[in-house]
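For the numbers below, each heavy atom of this structure counts, side chains included, while hydrogens, waters and symmetry mates do not.
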Amino acid sequence: MHQKDIERFAFLFLCGKRDRAILTGKEKMTFSDLNRLIYLLDYLGLDAYSLEIWSEYGGQFKDQLEQLKEIYDETAGIVSWDPAEEDERQEQWIREFLRQVPDRNSRKLLEKLLG
């Protein structure tokens, strides 16, 4: 078994129903789903699975990524960006992920590990 397979198994065991449905192809991946899932996988240190998800889904959002880059390039000097807003959103993703861990014992252990 490869590292990405172990990471996939672990993440699918821990994630909620909707994320499992997205990652198993039962529901459509959105750009915001991709952003959130990649962040969570990286946060959990599941780099091999993160790369697999990026490779599988990243291409379908190429246009959106290019548009975001263009908007950033055009507005970087005139629009202030508060990194605290991004931090808050990412912390919310983590809280939601932990709340959705199906097994109570696994949830408590993961909460302890993530501190």
Side-chain angles (χ1 to χ4, degrees):
M1 189 178 266
H2 297 303
Q3 181 67 28
K4 69 179 180 176
D5 298 323
I6 294 167
E7 292 179 10
R8 179 187 315 112
F9 178 80
F11 192 76
L12 291 175
F13 174 78
L14 294 170
C15 72
K17 290 178 185 178
R18 181 168 181 278
D19 288 342
R20 196 173 305 112
I22 291 168
L23 293 168
T24 58
K26 294 177 183 170
E27 284 193 33
K28 186 176 179 179
M29 174 82 72
T30 66
F31 183 70
S32 60
D33 290 329
L34 179 66
N35 187 27
R36 178 179 52 81
L37 289 168
I38 293 296
Y39 175 78
L40 289 170
L41 289 163
D42 290 343
Y43 182 81
L44 294 169
L46 303 175
D47 300 329
Y49 189 43
S50 176
L51 183 58
E52 180 181 319
I53 295 301
W54 181 254
S55 295
E56 185 174 341
Y57 294 99
Q60 73 188 48
F61 300 110
K62 183 181 176 186
D63 292 341
Q64 287 168 301
L65 288 167
E66 288 176 6
Q67 288 172 352
L68 283 175
K69 184 186 177 315
E70 287 176 21
I71 290 170
Y72 175 78
D73 289 345
E74 291 172 6
T75 62
I78 55 175
V79 175
S80 64
W81 175 70
D82 183 4
E85 289 179 21
E86 184 70 13
D87 292 344
E88 185 177 318
R89 181 172 56 159
Q90 291 170 341
E91 288 173 19
Q92 178 65 29
W93 289 342
I94 294 166
R95 285 192 301 270
E96 287 174 7
F97 176 79
L98 290 172
R99 241 188 340 263
Q100 294 177 24
V101 173
D103 179 71
R104 188 176 137 194
N105 292 331
S106 297
R107 183 181 325 116
K108 287 184 179 190
L109 178 61
L110 192 57
E111 286 172 346
K112 185 184 277 189
L113 288 171
L114 297 177

(message) Tell me if a side-chain donor or acceptor on S50 pairs with a main-chain N or O of L46 at a distance below 3.5 Å.
(response) no
(message) Working to the nearest 0.5 angstrom, can you tell me the gap between K112 NZ and R107 CZ?
(response) 15.0 Å
(message) Testing the basics here: between D5 and R8, what is the closest heavy-atom pair and its distance to 0.1 Å?
(response) OD1-NH1, 2.9 Å
(request) State which residue, out of Q100, Q92, R99, fulfils the side chain to side chain donor-acceptor pair (under 3.5 Å) condition with E96. (result) Q92
(message) Just so I know, are the side chains of F61 and D33 near enough to count as touching, which here means a heavy-atom distance under 4.5 Å?
(response) no
(message) Nearest 0.5 Å, please: how far is CH2 in W93 from CD in E88?
(response) 12.0 Å
(message) For the backbone of A48 and the side chain of Q3, can you confirm whether one donor and one acceptor N or O come within less than 3.5 Å of each other?
(response) no
(message) Would you say L12 ends up clustered with L109 if hydrophobic residues are merged whenever their side chains have heavy atoms under 4.5 Å apart, either directly or through other cluster members?
(response) no
(request) Please round to the nearest 0.5 Å and tell me the distance separating atom CD1 of I94 and atom CD of E91. (result) 7.0 Å
(message) Testing the basics here: between P102 and C15, what is the closest heavy-atom pair and its distance to 0.1 Å?
(response) CD-O, 3.8 Å
(request) Before giving the answer on salt bridge (charged side-chain N to carboxylate O under 4.0 Å, His left out), spell out for R89 and E86 the whole-Å C-alpha distance, their side-chain angles and the decisive distance to 0.1 Å. (result) CA-CA 5 Å; R89 181 172 56 159; E86 184 70 13; 2.4 Å; yes
(message) Please say yes or no: joined through hydrophobic side-chain contacts below 4.5 Å, possibly via intermediate residues, are L98 and L14 part of one cluster?
(response) yes
(request) Establish whether F31 and L40 are linked, either directly or via other cluster members, by ILVMFWY side-chain heavy-atom contacts under 4.5 Å. (result) yes
(request) Kindly state whether the ring of F97 and the ring of F11 have centres lying under 6.0 angstrom apart. (result) yes
(message) I'd like to check Y49 versus I6 (side-chain heavy atoms, cut-off strictly below 4.5 Å). Are they in contact?
(response) no
(request) Would you kindly confirm whether L51 and Y39 end up in one hydrophobic cluster when ILVMFWY residues are joined by side chain heavy atoms under 4.5 Å apart? (result) no
(message) Quick check for you: to the nearest 0.5 Å, what is the distance between K108 atom NZ and L113 atom CG?
(response) 14.5 Å
(request) Search all heavy atoms of I53 against all heavy atoms of M29 and return the closest pair with its distance. (result) CG2-CE, 4.4 Å
(message) If I compare all heavy atoms of K28 with all of I22, which pair ends up nearest, and what's the gap?
(response) O-CG1, 4.2 Å
(message) Between L114 and L37, is there shared hydrophobic-cluster membership here, with clusters defined by ILVMFWY side-chain heavy atoms closer than 4.5 Å?
(response) yes
